[in-house]
Amino acid sequence: MSEYKPENIEPKWQKFWLENKTFRTDDNNRDRPKYYVLDMFPYPSSAGLHVGHPEGYTATDILARYKRMKGFNVLHPIGWDAFGLPAEQYAIKTGTHPCETTNQNIDGFRRQLQALGFSYDWDREVNTTDPDYFRWTQWIFLKLYEQGLAYEANVPVNWCPELGTVLANEEVIDGKSEVGGFPVERKPMRQWMLKITAYAERLLEDLEELDWPESIKEMQRNWIGKSVGANVVFPLKSGSAKARESIEVFTTRPDTLFGATYMVLAPEHPLVDRITTDEQQSAVSAYRETAEKKTDLDRTDLNKDKTGVFTGAFAVNPVNNEEIPVWIADYVMMSYGTGAIMAVPGHDERDWEFARKYGLPIIEVVKGGDVTKEAYVDSEEGICVNSANDEVTINDLPVPDAKRVITEWLERKKLGKYAVTYKLRDWLFSRQRYWGEPFPVIHVDGKPKPLPEDHLPVTLPDMDDFEPTKTGEPPLAKATEWVNTTDPETGRPAVRETNTMPQWAGSCWYYLRYISPDYELGPVDPEMEKYWMPVDLYVGGAEHAVLHLLYARFWHKVLYDIGAVSTKEPFQRLVNQGMILGELEFTAFQDADGKYVSADRNGTGEGFDSVRLEEKDVEKRGDRFVIRGTDTVVDARSFKMSKSRGNVINPDDVVAQYGADALRLYEMFMGPLEQVKPWSMQGVEGVYRFLKRVWRLIMDEGSGSVNEAVARSVNSDGSASVEPDSIQLKILHETIKKVTEDIEGHRFNTAISALMIFTNEAMKWQVRPVEVLKPFLLILSPFAPHLAEELWEKLGELTRAMVQESGNPVDDSIEKPRRPNRTLAYEPWPAYEEEFLKDDSKTYAVQVNGKVRGQIEVPADRASDKDFVLDIARNDTSVNRHLQKGQVVKEIFVPNRVINFVVK
RNA sequence: GCCGCCGUGGUGGAAUUGGUAGACACGUUGGACUUAAAAUCCAAUGGAGCUUAAAACUCCGUGCCGGUUCGAGUCCGGCCGGCGGUACCA
């Protein structure tokens with residue numbers, strides 16, 4: 001072996017790390033500072049890794065390796081979120097048990113991850129489908145149940161006939177299933193729910209203390225959707241047959257109460273039956289029927305045209321005793337607020353539209369707009385008008401004050417009260433699937449009863465038919481022997497719960513299991529938990545912004561409340577890696593005759609045939625690309641990687657061709673971690689060339705041993721034969737400083753750039769001192785660990801061989817690298833020293849009227865001497881010429897940077 | 001519609017947070033080595049002008065328009081474009 005051959009050195013070190021358990025985390029070392037760095041839980045799909053996975057994993061691996069060298073006790077684990085639909089669907093198709101598929105996929109993922117050289121502690125691997133793991137998932141469910149946070153409800157759910165399961169709201173996108181894109185309908189079913197709404201306020205408040213991207217926090221805030229306002233009770237018109245009923249509404253605008261001219265109930269509202277008059281009965285029933293059939297898609301997106309019918313009933317506006325009609329309309333949702341609204345068409349766009357359509361009155365109660373033309377909704381600037389009764393007036397008050405005054409009055413009169421509402425709903429927690437955690441629940445006499453803790457885990461029955469039933473009964477219902485059981489406490493007949501938990505369950509607490517994966521007395525060893533929590537850095541994709549991160553926070557808070565964990569929040573710092581897109585593509589469009597037509601502004605060439613062009617066939621014209629030599633605009637962009645587009649990059653292929661170090665390096669060199677970036681094979685080639693240069697920096701390609709330029713820096717007794725010169729030390733220490741600071745700031749791309757600059761310089765040296773190369777290898781090692789280990793070993797062998805030959809005594813300073821097969825993973829991280837960074841001279845840019853006209857060098861010790869520096873600046877020929885143009889009226893002097901002469 | 005993020009060479013991206021725009025890398029062009037190719041190395045590379053050529057010099061240039069400042073990629077106001085999230089939430 002003489003050239004850089006990653007296929008030789010990478011498996012060697014991967015084997016070494018694994019066999020020596022190099023990265024096993026030591027729990028008994030708790031006096032040292034800890035660093036818990038976590039990757040988002042992967043689902044081991046049959047497709048294997050895509051290049052998006054190693055992006056975040058490389059970032060965390062660099063930090064893990066760096067922190068170890070900095071003396072931290074590092075926890076860097078990995079495991080498998082292995083329950084889930086794909087394995088089950090595969091089982092239905094092929095009859096292969098999901099367990100088998102899952103284990104195969106896990107083996108594949110593990111192999112791929114190990115081939116990338118990640119420094120995980122493989123002794124802490126967890127697997128959500130392992131009974132020793134889900135035993136504790138079930139245990140947590142029991143705790144939720146004990147806390148009154150888990151309950152059964154008959155709720156309309158998103159039933160997907162194709163998948164044979166219900167889906168959470170979050171799994172339904174535009175009325176279709178997120179997985180597979182199948183139609184979803186609403187159907188009432190018995191379901192387990194988790195009362196996440198009980199934690200809404202805390203989930204919102206505690207976001208403040210988290211070091212997360214603002215965008216993610218904002219998304220969670222929106223999802224929780226806190227609104228402050230008032231609940232107001234509108235009695236029904238007295239004297240009518242339907243009297244004694246009242247309608248409670250939630251409003252964020254109690255200041256507009258005097259403008260309420262009608263009311264609307266959601267079609268499903270239970271009051272509808274009781275208040276509808278006989279004359280209106282048929283119209284109301286018909287409307288309710290159509291509304292019921294509408295999918296979520298119909299009720300929201302495209303259908304902005306509001307519909308509704310009058311119930312025949314009237315309610316009384318409590319602030320002015322006006323009788324106002326009560327309608328039903330599907331623009332009011334049963335699931336939000338009270339399922340009923342007071343309509344203020346003057347100051348709400350939806351109500352305005354509805355009132356216009358059905359000829360309902362519109363009254364202005366907030367000054368500032370023209371309510372005959374559109375609703376005036378400004379709630380900051382507006383001033384209330386037409387809003388007074390015998391007891392209270394909010395006229396002339398700005399909206400915020402008016403809200404307060406009228407709410408106080410309502411409370412005094414017991415007509416309403418201050419209220420807070422959240423968009424967040426309880427979490428639908430059951431699925432009609434086989435491949436999930438069974439609930440630790442039995443039903444006795446039709447009532448749910450939790451199993452005692454010592455009956456955990458409840459394992460899945462062995463089955464070979466995983467097909468869901470047409471009725472929505474889960475596949476587990478077919479396992480009659482399993483289903484029919486006895487109550488362990490009373491011995492009475494009982495049936496098991498046949499729903500299973502959703503995939504989110506296992507990923508809600510996995511970060512705790514890593515801490516003590518073999519602990520048998522609870523989900524996590526409390527002593528270890530206190531040491532390791534919270535997670536210091538959590539890296540993953542933004543697609544989990546709301547769901548996983550909100551659910552995990554919810555469970556964590558429950559565990560905190562029962563004393564199982566010591567922190568209020570699980571993930572202190574969160575970073576989202578940006579998506580990696582496919583290679584840049586140029587697309588031209590042809591009409592039916594094969595003639596090229598320009599892509600329009602947004603690049604869509606609808607109705608035309610698209611032709612993929614090579615980069616050499618296009619050129620830049622203005623701010624777009626055209627077919628070379630023509631005016632035909634082509635579409636130039638990168639697309640999300642997808643099988644159908646055929647632009648998916650397989651990490652295995654990249655590793656086979658360029659090695660894991662090159663893949664790692666490229667993923668980091670592409671750009672900032674958080675940013676969306678297009679893939680480029682030529683870019684991989686570029687970092688591969690860099691690694692080859694590093695190899696040649698130390699190795700001789702002909703002989704396959706350390707090259708002359710390096711060997712010459714070592715004497716036969718192993719001591720240094722030459723002192724590194726000041727230029728060498730300067731660039732080394734500059735590089736150490738830059739790389740250290742950039743790793744700390746997660747700026748891996750510029751850290752790599754600094755390593756490249758060092759290498760380019762060092763390649764020019766005739767003698768390359770080992771004392772300079774060794775620190776360089778150490779700071780390279782988090783990025784390209786295999787190459788760094790290999791070269792570290794080679795340098796060790798070099799000095800060892802020389803010492804042995806000479807028979808000289810061992811020099812302590814070179815003790816460490818003398819032993820072959822010794823890892824550099826725990827070598828101390830090199831420190832930079834300021835004294836080597838000093839310059840002999842400083843460069844100033846000299847500007848005249850803000851334009852750079854010259855550069856001057858001044859001795860470093862006089863660089864802050866303003867008069868001295870300005871004098872040199874004035875005498876610079878180029879600067880001087882520009883100074884001649886007028887009088888200097890001002891001189892700006894920024895030490896060590898810039899001088900600006902203002903001339904008139 | 002609303003919320004959030006982002007617009008810098010042919011490309012990915014740098015720029016110590018107001019101080020020499022384009023680091024590093026890709027690509028391209030020219031050259032060296034080679035019988036040849038690969039690999040490697042060297043040089044040039046934002047645009048325009050001036051010049052026989054080079055050096056030197058001048059002007060323009062960080063999506064667009066304006067502002068603050070001795071000085072703006074960076075700060076402020078207004079637009080345009082892209083990406084992500086969300087949507088009858090009362």
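Chain naming here is simple, since letters A, B, ... match the order of the sequence lines and numbering starts at 1 in each.
Comparing B/A56 with B/U62, their C1' atoms sit 27 Å apart, to the nearest whole Å. Look at the C1' atom in both B/U17 and B/U74: the space between them is 7 Å, to the nearest Å. Between the P atoms of B/A25 and B/C6, the separation comes to 27 Å (whole Å). On the C1' atoms, B/G67 is 11 Å away from B/A72, given to the nearest whole Å. Using P as the reference atom, B/U34 and B/A53 are 34 Å apart when rounded to the nearest Å. Taking atom C1' on both nucleotides, B/A48 is separated from B/G12 by 26 Å, rounded to a whole Å. Spacing between B/U8 and B/C60 at atom C1', rounded to whole Å, works out to 16 Å. Of the C1' atoms belonging to B/U20 and B/G46, the separation is 16 Å, rounded to the nearest Å.
Heavy-atom nearest nucleotides on RNA chain B were determined for A/Arg881 and for A/Phe250, and the one closer to the 5' end corresponds to A/Arg881. Mapping A/Ser215 and A/His882 onto RNA chain B by nearest heavy atom places A/Ser215 closer to the 5' end of the strand.
Atom CG of A/Leu870 is separated from atom P of B/C70 by 17 Å (rounded to the nearest Å). The distance from atom NZ of A/Lys738 to atom P of B/A14 is 10 Å, rounded to the nearest whole Å. To the nearest angstrom, P of B/G85 lies 19 Å from CZ of A/Arg221. For A/Leu581 and B/G13, the CG to P distance is 10 Å, given to the nearest whole Å. Following rounding to the nearest Å, A/Asn849 (CG) and B/U20 (P) show an atom-to-atom distance of 17 Å. One atom, CE of A/Met670, and another, P of B/G12, lie 11 Å apart when rounded to the nearest Å. In this structure, CG of A/Asn900 is placed 12 Å from C1' of B/U20, rounded to the nearest angstrom. Regarding A/Ile892, its CD1 atom lies at a distance of 4 Å from the C1' atom of B/C70, rounded to whole Å.
Regarding contacts with the backbone of B/U40, a side-chain N or O of A/Lys692 is found under 4.0 angstrom from either OP1 or OP2. Between A/Arg696 and B/C41 there is a side-chain polar atom (N or O) within less than 4.0 angstrom of OP1 or OP2. The phosphate of B/U11 (OP1 or OP2) has no side-chain N or O of A/Gln682 nearer than 4.0 angstrom. The phosphate of B/G12 (OP1 or OP2) has no side-chain N or O of A/Lys677 nearer than 4.0 angstrom.
Side-chain polar atoms of A/Ser841 and A/Glu857 form a donor-acceptor pair below 3.5 angstrom.
When heavy atoms are screened at a 4.0 angstrom cut-off, A/Arg747 is found touching no nucleic acid atom at all. Heavy atoms of A/Glu349 sit nowhere under 4.0 angstrom from any nucleic acid atom. Using a 4.0 Å heavy-atom distance criterion, A/Gly686 is classed as a sugar-phosphate-only contact. Backbone-only engagement by A/Val902 is indicated by non-hydrogen atom pairs under 4.0 Å involving sugar-phosphate atoms exclusively. Contact annotation for A/Pro213: no contact, since no heavy-atom pair falls under 4.0 Å across all strands.
For B/U16, its base sits under 3.5 Å from the side chain of A/Arg897 at one donor and acceptor pair at least.
Annotated as syn: B/G9, whose glycosidic dihedral is within 90° of 0.
Taken from OH in A/Tyr262 to CG in A/Asp351, the straight-line distance is 4.0 Å, to the nearest 0.5 Å. A distance of 10.0 Å separates OG1 of A/Thr197 from OH of A/Tyr422, quoted to the nearest 0.5 Å.
For the pair A/Arg350 and A/Tyr331, the cation-pi criterion (under 6.0 Å, within 45° of the ring axis) is not fulfilled.
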